[in-house]
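Presented below is the structure to which this report refers.
Owing to the predicted nature of the structure, the values given are computational and were not obtained by experimental measurement. Below, chains carry the letters A, B, ... as their sequence lines are ordered, and counting in each starts from 1.
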Number of protein chains: 2
Amino acid sequence: MEARELRYFVTVAEELHFGRAADRLGIAQPPLSRAIGQLERRLGVELFTRTSRSVALTEAGAVLLREGRAALDALEAAERRTRRAATGTSNLVLVTKAGASSELLPKLLDAYAAEPGAVPVDVILCGVAEQERHLRDGRADVALLHLPFDSTVGFDTEELSTEGQLLIVPAGHPLSGRTSVSMTELAGLPMPRWPGRDGTYPPGPGPEVRDNAQLLQLIALDRAIAVLPESCRSLLPYDLRTVPVPDAPRVTTVIAWPPHSRSRALAALIRTATRL
Amino acid sequence: MEARELRYFVTVAEELHFGRAADRLGIAQPPLSRAIGQLERRLGVELFTRTSRSVALTEAGAVLLREGRAALDALEAAERRTRRAATGTSNLVLVTKAGASSELLPKLLDAYAAEPGAVPVDVILCGVAEQERHLRDGRADVALLHLPFDSTVGFDTEELSTEGQLLIVPAGHPLSGRTSVSMTELAGLPMPRWPGRDGTYPPGPGPEVRDNAQLLQLIALDRAIAVLPESCRSLLPYDLRTVPVPDAPRVTTVIAWPPHSRSRALAALIRTATRL
DNA sequence: GCAAACGATACCCGCAAGGTATTGAACGGC
DNA sequence: GCCGTTCAATACCTTGCGGGTATCGTTTGC
């Protein structure tokens, strides 16, 4: 199977529409139809069930979508890492969610910088769920992920810390005076909606948010409330209040890296992290 | 980057010889030279340092070899799993080294077969180091691996059991009467040589072996001695003797599976295994 | 100093990838 | 129920690229 065919397939599978997929790919629709047909013939597998009005994935198609994405990511990662190896820039690239692990990250960077033979570390702060992409496609060497939110599927990981969660509300909020609140009490309230793995937002009442800064501003404006890990406290604005939520799931911070690529520098960073 | 280019590159990197690589690929040498040149230009990276007499990998080339193999495996796995998903054969394929885990495996298969909703399990017995390939390229769904011999890089794993190792010698061997023997005593003796990840054998005095049956026969013929996990005892021929080697590294059996692909059936098998 | 080995270059050919025009089937509006 | 719209498939053409043969230039071993 060729990468081009797979890219075409993934695009069609995402759009479920040959015209739009062809647009996205920058080619005309007929060649795309043909390419998919060819792929199906070569695999001997029907990937889509098509009427002249609709396109749907078959079960086998769903498998190819999942596995194919992983394969394309691996391909892209190979390319990126090769380029980086060539340009001699031996910097490590660490990616994490903006606003998360705000205490742990500087400690880690300082401790690693103090190690003998430490290389410079570039930090990428990105929105939620983008860090996985960065790590998978080779733009980053290592990430700080947060369970149970992020998926560590396909990465090697080490646990770094675990913490409880807090309810964040504006100063005048009815719950702001409470010493504790339980998840069941929050069940009906509109919680912010984070983008999924594919960049789209789940349906629901709460506002759409991409990062912590957005979220905190919305809370200050009384448009949202949220449950966040305790470590977010250090960068809360003055006019927000926190209430412990003892029964919220505990959040574990892990350091994650792609298998295969354990450079000496990366290994040292991981060792430093686990010793903090 | 296209899969074809990458396959070409990997072949040349393996052969370090354009002519032989072209032969293996079934194309002529000039197009191969061109393809590699194109790849280098597109990546903007020198992958080989060539004189007109020799070819060697650059550092970046070594990165691409490692990462590229992983990417090609992922591609092949995607194709295989798609085909299997289509033909509706929902069988699980388990792979393990012939002769290893001879006690654990039947227990696992029996226990799983008794589970509600169990699907048939095909068992592949292969030589050492082939199981990794099977799991990486989608021919198998799950493997029993043995640490510290096998690499679990890139797989998800669960530990199943751990055991010591025994020295295996023919009946008349000088060490056969001992109650215990240490690794240092065995240091000078010619141990069998197993094939590496790439199928070639390391240099050294001992005989080359591919699987346990070969090895045991060689031991019976007094051409070799070996240190093996305790569980091999159940399939030892009559005329061999065992001596405990307390300071040999302990062997851990793990069940391993590729990330991404956790079917219901696979999950059930893993659950069964960890409960044994 | 010559022949062999080996990668690079030059040049040609065929096919498959991509484009345009069109067909044909399924909805939706009236 | 008919027509216009939508959207995938088909037909047909063009071209660029992947592959082949012949050859060159450099290194190396005898």
key: Gap between atoms CZ and P, on B:Phe48 and C:dC6 respectively (whole Å)   = 16 Å
task = Answer yes or no: does a side-chain N or O of B:Ser33 lie under 4.0 Å from OP1 or OP2 of C:dA8?
result = yes
note = Per atom distances to the B:His17 side chain, the nearest of D:dC7, C:dG7, C:dA17 is C:dG7
task = Report the distance from atom CZ of A:Arg4 to atom CG of A:Leu39, rounding to the nearest 0.5 Å.
result = 9.5 Å
ask   = Are A:Arg210 and A:Glu130 within salt-bridge range, i.e. N to O under 4.0 Å?
value = yes
query = Counting side-chain heavy atoms from C-beta on, which of C:dT9, D:dG20, C:dG19 comes nearest to A:Pro31?
reply = C:dG19
key: Rounded distance (Å) that lies between atom P of D:dC17 and atom CD of B:Glu5   = 12 Å
message = Please pick, from C:dA21, C:dT9, D:dG19, the nucleotide with the shortest atom-to-atom distance to any side-chain atom of B:Tyr8.
response = D:dG19
ask   = Under a 4.0 Å N-O cut-off, is there an ion pair linking B:Arg20 with B:Glu14?
value = no
request  = Please state how far atom CD1 in A:Ile27 lies from atom P in D:dG16, giving the value in whole angstrom units.
outcome  = 17 Å
note = Closest of D:dA9, C:dA17, D:dA8 to the A:Pro30 side chain is D:dA9
key: Between C1' of C:dC15 and CZ of B:Arg4, the distance in whole Å   = 14 Å
query = Using a distance-only test with no angle check, is there a side-chain donor-acceptor pair under 3.5 angstrom linking B:Glu15 and B:Thr11?
reply = no
query = In terms of the nearest nucleotide of DNA chain D, which residue is placed more toward the 5' end: B:Gln29 or B:Ala35?
reply = B:Ala35
query = Measuring from B:Thr82:OG1 to A:Phe9:CZ, what's the distance to the nearest 0.5 Å?
reply = 7.0 Å
ask   = Whole-Å distance between D:dC17 P and B:Leu39 CG?
value = 15 Å
message = Expressed as a whole number of angstroms, how long is the span from B:Ile36:CD1 to D:dG19:P?
response = 12 Å
ask   = Is the shortest side-chain N/O distance from A:Arg42 to OP1 or OP2 of C:dA16 below 4.0 Å?
value = no
task = Could you check how far CZ of A:Arg41 sits from C1' of D:dA9, rounded to whole Å?
result = 12 Å
task = Assign B:Gln38 to base, sugar-phosphate, or nothing according to its heavy-atom contacts below 4.0 angstrom with the strands shown.
result = sugar-phosphate
inquiry  = Is it the case that the base of C:dG18 and the side chain of A:Arg34 share a donor-acceptor contact (distance under 3.5 Å, atom types as modelled)?
reply    = yes
